[in-house]
Amino acid sequence: MGFLEETEKVRFEVKKAVESLGYEVEVRVEEPPNSELGDIATTVAFDLAKKYGVKPIEIAEKIVNAINLDVLELFKNVENVKGFINFRFDPNKYSVSVLNEVLSKGREYGKFPIIKKRILIEHTNSNPNKALHIGTLRNAVIGDVLARFLRFLGHEVLVVNYIDDSGSQVAENIVAHYFMKVPMEPPEGLKFDEYSGKVYAEYSDKINKDEELKKLKSEVVRKIEEGGNEISEFARKFSEEVVKCQLETAWAFGIFYDLLNWETDVIRSGIFEWAIKKLEEKGEVYVESKGVNKGCLMIRLRDVEEFKNLKAPDEVLIRSDGTATYVGKDIAYASWKLGLTPRKFKVRNWLQQPNGKSLLTTHIDGEEHDFPGADVAITVVDKRQEYPQMVVKHALKKMGMPPTKEYYPYLYEVVALSGETASEITSLEELKNKKVVHMSGRKGLVFNANDLLKIVFQKIYDETKKRHPDKAEDWLRKVSMHLSAASIRYSLVKTDKNNLIIFDVNDAVRLEGDTGPYLQYTYARACRIVEKAGVEINSVDEVLFETSEEWDLVKQIGKFSWVLNMASETLAMNTIAVYTRHLADSFNSFYEKCPVITDGVRRDRLALVKSFLITMGNAFDILGIEKLSMI
RNA sequence: GGGCCCGUGGCCAAGCCAGGAUAAAGGCGUCGGCCUUCGGAGCCGAAGAUCCUGGGUUCAAAUCCCAGCGGGCCCGCCA
């Protein structure tokens, strides 16, 4: 069995030994700082020392003597080192066990028993009036990896993308196109989503600084919400055009969805109305009679402990002009996610995705969508939206969300630009010396995901062609595309979600070191060995490993499910990316030192290479990295 | 005014939530090696760190607590 199972066995045996000595304590196991000391360790002796006033070294000695090593078949010994109790694997036995586990489980390797849940993951959530940029891409990649991961573990996962088609951003584009007669045709060379982003940047300020146009915008929002009129039809068509472009970008990165939820449909389905009524019944909303929010429907939040110190904790749900705010609609939408509302969306098939699955979209003319509600609703949103997400969470509680349900805002830090990159894309010299430049759609200061993909692709294509001058153009393009997408995905997911990413183009096109191409290169060179060996191998009886590189690789492979188990608790997807790189590092060191094919084929080493490929492949599936046998 | 996040070699960064062993992965960059054996997008080696500062808790602190400093963000009839 793998590391996860063996740590559990050790924990159990240590606990038994401790109890046999008449003590009671929680036993924790960990990895020693270096493998000279052992493979699994516990500091339980120190805990007992504190709790019972005994000497750690002495109690550790007693525990070691009380442990029945016969039960721990894969271990060679256990010893007391200054109070630390260290277990050491028998390398041959553990290697055989790990390799057979991997070879027999294949694509299932890494899974562990779970309590299966229905999980809804919402990600991407770009306003449908602009192209995806590297910030929304971080959102989409994190969400996609989460979805792939939770599916891999065996959960039932529904991936949705919320289309904010009734907000003020789209309304501004509609004012520009519909009333100010800005043409709908993008100029040569621009996709529709890129074009609409430019129109938004150009007209947003104009509209908001002009009272007449602002009134028009408010009217547009109202019309869009009402539906069944010329403006709402026009707006839906506009948004659909943008969303199609955004989807093409997402697909290029291997990101797919199950359902698109349109904000206007939150209103038209009656879900919004239901949610407001529910809050009214509970006495949690009121109409403001004075001050800046006069005439608005507010939700009362001043009674919530964590909002106590805010200047104005109550939040607007319906504006004085009768239109709904984003938060208002999001509360209603969240009540649907968790199955609190009896109202249903109507949905229909919209597009066929390149992964073969069709994409559903909410639509007024669709069929009723049968979704019983998720146990857990994960919303991937950037940190700036923490406050409104908390509002949603508390509103759900006020509506009577059962404690078995969980609303989980999955927060991550944004992507900003380095001064260098910001000044390059805007030709504004003054930005050059800044360390951080935040992107802004309104200012047109954004780095689009497509543009990044093009730049990375060019670099990778040139490199691939140099290495394979005789390969067909089709192959070169396909492989380069997979490498480019993986490269960008990896760079976005390997960083801790709480860290601000300062994006710099020069760094983004790197192919060496801690990069996606490095991982895929490693995978491909392992494929070459298996191919050349030409020997089927599905199990091993014994191994003759004698190098530390072989042993390190076995241990790394064995740790996969242990890493996934931790990730399932923290939902920190970067830990899976970091593990995957460690795994590649171990393989490359092994590769240099340990030939598999010499006079004949070393069967044990070949089994190790195959096990590596299976493990790495499963990790790639979770990270959304294509498994290429040649790059 | 209130709140959240980040601070680890020149730069980027793992580890922090669940504290341990002589205090610390990896990458970029710098320097030196390795293609007549499975792909050099690789490997091996060297130099480079007051883990922001000061207190505290503890047998043990990069990790937990408190205060401060520096950077980013949120508190809108935007989303």
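Reminder, nothing fancy here: chain letters follow the sequence lines and each chain counts from 1. What you are looking at is a predicted structure, and each value in this text was computed from that prediction instead of being measured.
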Report all interatomic pairs (protein N or O, nucleotide N or O of nucleotides 47-50 of chain B) with separations under 3.5 Å.
none

Kindly point out which of [options] is positioned nearest to the side chain of [X]?
X: A:Y591; options: B:rC12, B:rG39, B:rG42; result: B:rG39
X: A:R319; options: B:rG42, B:rC4, B:rC77; result: B:rC77
X: A:R581; options: B:rC77, B:rA25, B:rG20; result: B:rA25
X: A:S320; options: B:rC77, B:rG20, B:rC43; result: B:rC77
X: A:K383; options: B:rC5, B:rG39, B:rA41; result: B:rC5
X: A:T495; options: B:rC43, B:rA14, B:rG72; result: B:rA14
X: A:N574; options: B:rG15, B:rA21, B:rG39; result: B:rG15

Original post:
Okay, side chain of A:S487, backbone of A:L483: is any donor-acceptor separation there less than 3.5 Å?
Top reply: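 Side chain of A:S487 to backbone of A:L483, a donor-acceptor pair under 3.5 Å: no, none is there.
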**OP:** Would you check if the side chain of A:K459 reaches a backbone N or O of A:L511 as a donor-acceptor pair within less than 3.5 Å?
**Re:**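 Not a single qualifying donor-acceptor pair exists.
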Who does [N] pair with, Watson-Crick or G-U, both distances under 3.5 Å?
N: B:rU30; value: B:rA46
N: B:rA24; value: none
N: B:rC35; value: none
N: B:rG19; value: none

Subject >> ring centroid sep under 5.5 Å plus plane angle under 30, A:F84 with B:rA21 >> reply: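 Yes; centroid distance and tilt both under limits.
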Atom [atom1] of [X] and atom [atom2] of [N]: how far apart are they, to the nearest Å?
X: A:E413; N: B:rG71; atom1: CD; atom2: C1'; result: 11 Å
X: A:D496; N: B:rG26; atom1: CG; atom2: C1'; result: 15 Å
X: A:D514; N: B:rC28; atom1: CG; atom2: P; result: 8 Å
X: A:E306; N: B:rG2; atom1: CD; atom2: P; result: 17 Å
X: A:N588; N: B:rC44; atom1: CG; atom2: P; result: 8 Å
X: A:E386; N: B:rG3; atom1: CD; atom2: C1'; result: 9 Å

Subject >> Atom C1', compared across B:rG29 and B:rC75: separation rounded to whole Å >> reply: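 B:rG29 and B:rC75 have their C1' atoms separated by 42 Å.
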Subject >> B:rA24 to B:rG48 separation - C1' atoms, rounded to the nearest Å >> reply: 14 Å
Original post:
Checking ring pair (Phe, Tyr, Trp, His ring centres under 6.0 Å) against A:F3, which of A:F560, A:Y579, A:W562, A:F87 comes through?
Top reply: A:W562
Distance criterion of 3.5 Å, no angle test: do you see the side chain of [X] paired donor-to-acceptor with the base of [N]?
X: A:R525; N: B:rA41; answer: no
X: A:N34; N: B:rU22; answer: yes
X: A:R528; N: B:rG39; answer: yes

**OP:** Verify salt bridge (charged side-chain N to carboxylate O under 4.0 Å, His left out) between A:D303 and A:R300, making sure each step is shown before the conclusion.
**Re:** CA-CA 7 Å; A:D303 52 340; A:R300 183 173 297 110; over 6 Å; no
Original post:
Under 4.5 Å between any side-chain heavy atoms of A:N293 and A:M298, yes or no?
Top reply: yes
Original post:
Less than 4.5 Å apart, any side-chain heavy atom of A:L613 and any of A:C527?
Top reply: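 They are in side-chain contact.
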Subject >> A:D382 versus A:Y412, side-chain donor and acceptor atoms under 3.5 Å >> reply: no
Subject >> Check: A:F307 ring centre within less than 6.0 Å of A:Y387 ring centre >> reply: yes
